[in-house]
Amino acid sequence: MATISATSAKASTKDQTVAEALSRILGAVAPLPAREVALLDSLGAVLASDVRAPQDVPPFRNSAMDGYAVRGSDVATAPARLTVIGNVAAGSAPTRAVGGGEAMRVMTGAPMPDGADTVVRVEDTDNRMDTVTITVATPAGLSVRQAGEDLRSGEVVLREGTVLRAAEIGVLATMGRSRVSIVGRPRVAVLSTGDEVVELDANIGPGQIRDANRYSLASAVRAAGCEPVVGGIVPDTTDDLRRALRDATSRADVIVTSGGVSVGDHDHVKPVMSELGSIEFWAIAIRPGRPLAFGAVRDGDRSIPIFGLPGNPVSSLLTFELFVRPALLRMSGRTNVERPRAKAKLLDTQKKPKHLRFFARGIYDAETGTVKTTGPQGSSILRSMSLANCLIDLPEGRDTYQAGETVEVILTEHPEPRS
Ligand code: AMP
Ligand code: MG
């Protein structure tokens with residue numbers, strides 16, 4: 001549950017650094033309660049409790065090859081002639097044991113007959129049915145899978161906190177877990193604000209623009225493994241905003257709005273957020289994305305984190321990446337919420353305001369260890385994000401980063417290391 005105090009409703013006037021803002025945000029959110037979901041709905045989620053193997057996997061000794069189950073002592077030298085006493089397919093059980101001088105045909109996955117400790121693969125025999133000639137000497141124990149060699153009954157196979165990928169879901173399936181307990185994944189209400197913002201299929205009138213942000217942000221929510229609750233476009237009035245935020249509060253664990261957080265005449269998000277809960281701060285020393293509101297909306301004894309992102313499409317998506325995504329991951333139970341970074345040689349000189357940390361959209365080439373910007377970097381040029389595979393992180397304190405310098409990039413196409 002979010003643990004934001006509703007009483008600290010004071011907007012800070014001093015710019016926050018990215019690190020300060022992020023640490024305040026991460027300090028204010030906490031993992032959601034655990035819940036049980038169908039195994040197939042758990043991809044990307046965090047395991048809420050340890051899982052032990054209820055039995056050995058594989059549960060019985062079985063053949064790793066199509067071939068002949070034999071006694072290792074009979075095939076230590078080749079050629080060897082053995083009497084074939086039957087055969088056993090995967091899914092059936094051997095009807096008798098294998099004695100000295102005998103062989104039983106076995107298929108991959110078939111249970112090993114008693115008495116046999118080795119499988120000679122078909123390719124190392126003459127593949128006959130009555131008497132088989134082993135043509136290649138085979139060490140004892142070869143091509144047999146022991147019971148429990150993958151998972152031992154009773155051992156903790158997956159620890160609480162594990163991020164579930166395809167492999168873990170396979171392991172859970174092997175153990176018969178059709179349902180699994182995961183840390184809840186936040187439902188995230190996504191709203192756009194602005195009198196000029198219209199639906200995608202609307203005829204665009206003078207001064208109007210299509211709503212890019214609800215779509216990009218809802219998709220970013222989904223890419224973070226969370227569930228977007230797509231709200232509407234909210235006109236620039238306090239009444240409409242109040243109503244929209246109240247409605248979102250009842251349907252989501254987190255609210256993300258875009259637009260209306262600057263100091264324009266129609267920027268109502270901050271006062272309404274303050275009225276319904278609290279605002280922790282609203283200015284960050286970055287470009288793009290400087291105005292940003294963070295706080296909580298009250299709903300009875302619930303406190304729902306709210307992010308008021310700026311309206312410019314690059315700013316909103318970038319501040320989502322820097323601040324909202326880590327918060328959503330933390331709420332989803334992840335401990336590691338940071339993207340991997342790399343050092344790279346900058347190919348084009350970048351100018352920026354000295355006092356702001358600048359996140360240029362970049363194309364990183366791992367092979368050459370270089371990065372170049374995607375071209376025009378205006379905060380409304382969404383294509384700069386679309387062309388990018390990284391963010392070039394240019395710290396405050398300097399106004400120019402020269403071509404040839406080594407800089408740091410955030411690899412936005414790569415998931416954070418597993419935790
Ligand atoms: P604001 O933060 O509300 O002042 O908006 C800043 C800029 O972003 C303005 O040019 C808006 O028209 C634009 N903008 C705001 N919301 C959206 C949106 N949902 N989709 C595309 N552009 C937007
Ligand atoms: Mg606006």
Side-chain angles (χ1 to χ4, degrees), residues 11-13 15-16 21 188-223 228-245 247-248 252 254-275 279 281-295 306-325 353 356 358-359 361 374 376-388:
S12 166
T13 47
D15 280 10
Q16 310 275 319
V188 185
V190 181
L191 299 169
S192 290
T193 73
D195 288 337
E196 78 283 26
V197 181
V198 296
E199 297 285 356
L200 306 196
D201 50 6
N203 290 319
I204 300 192
Q208 295 186 323
I209 52 157
R210 291 195 188 95
D211 183 3
N213 297 351
R214 237 176 348 146
Y215 293 86
S216 59
L217 293 172
S219 303
V221 165
R222 189 165 284 160
V229 179
V230 183
I233 299 169
V234 188
D236 284 322
T237 74
T238 47
D239 278 352
D240 286 303
L241 259 172
R242 197 179 291 117
R243 201 173 313 121
L245 291 188
D247 176 58
V254 179
I255 300 172
V256 175
T257 68
S258 69
V261 288
S262 311
V263 289
D265 295 342
H266 304 283
D267 291 336
H268 300 305
V269 171
K270 282 187 294 160
V272 174
M273 275 169 69
S274 295
E275 177 196 317
I279 285 203
F281 58 83
W282 56 275
I284 301 179
I286 57 170
R287 177 162 296 171
R290 186 154 184 235
L292 181 137
F294 173 68
I306 179 166
F307 294 85
L309 307 184
N312 273 310
V314 174
S315 310
S316 61
L317 207 44
L318 187 111
T319 49
F320 181 97
E321 168 66 31
L322 294 178
F323 303 110
V324 185
R325 183 177 183 277
L356 298 179
F358 184 61
F359 292 92
R361 278 70 72 201
T374 53
Q377 296 289 308
S379 60
S380 60
I381 299 179
L382 193 48
R383 188 200 281 231
S384 69
M385 291 291 266
S386 159
L387 293 172

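Values reported hereafter were calculated over all heavy atoms of this structure, with side chains retained and with hydrogens, waters and symmetry mates removed. Remember, it's 1-based here, ligands and their atoms both numbered in the order they're listed.
- Among protein heavy atoms, atom 11 (C) of ligand 1 sits closest to E196 OE2, 3.0 Å.
- A donor-acceptor pair under 3.5 Å is absent between the side-chain atoms of D267 and the main chain of V269, judged by distance alone.
- Annotation for V190 and R214: closest pair O-CG, 3.7 Å, computed over non-hydrogen atoms.
- Close contacts between ligand 1 and R210 involve ligand atoms 20 (N), 21 (C) [criterion: under 4.0 Å to a heavy atom].
- Close approach of ligand 1 to S192 (heavy-atom distance below 4.0 Å) involves ligand atoms 19 (N).
- At a threshold of 4.5 Å between non-hydrogen side-chain atoms, the residues R290 and D15 count as touching.
- Atom 22 (N) of ligand 1 has as its closest protein heavy atom I209 CD1, 3.1 Å.
- Residue D211 has at least one heavy-atom neighbour below 4.0 Å for each of these atoms of ligand 1: 18 (C), 19 (N), 20 (N).
- Near V197, the atoms of ligand 1 lying under 4.0 angstrom from a non-hydrogen atom of the residue are 16 (N), 17 (C), 19 (N).
- Atom 20 (N) of ligand 1 has its nearest heavy-atom neighbour, among A212, P313, S380, G194, in A212.
- Contacts with ligand 1 closer than 4.0 Å are made by heavy atoms of both the backbone and the side chain of N312.
- In the candidate list G311, S379, P291, G311 is nearest to atom 23 (C) of ligand 1, counting heavy atoms.
- The two residues S258 and S316 have their closest heavy-atom pair at CB-CB, 4.3 Å.
- Taking a cut-off of under 4.0 Å to the non-hydrogen atoms of N213, the atoms of ligand 1 that pass are 16 (N), 17 (C), 18 (C), 19 (N), 20 (N), 21 (C), 23 (C).
- Looking at every heavy atom in both residues, G194 comes nearest to I233 through O-CG2, 4.0 Å.
- Of the protein's non-hydrogen atoms, the one nearest atom 1 (P) of ligand 1 is G260 N, 3.7 Å.
- Side-chain atoms of H268 come within 3.5 Å of backbone N or O of D236 as a donor-acceptor pair.
- Pairs passing the side-chain hydrogen bond (donor to acceptor under 3.5 Å, both in side chains) check and including a residue from residues 378-388, sequence neighbours excluded, read N312-S379, R361-S384.
- No donor-acceptor pair closer than 3.5 Å links the side chain of D240 to the backbone N or O of T237.
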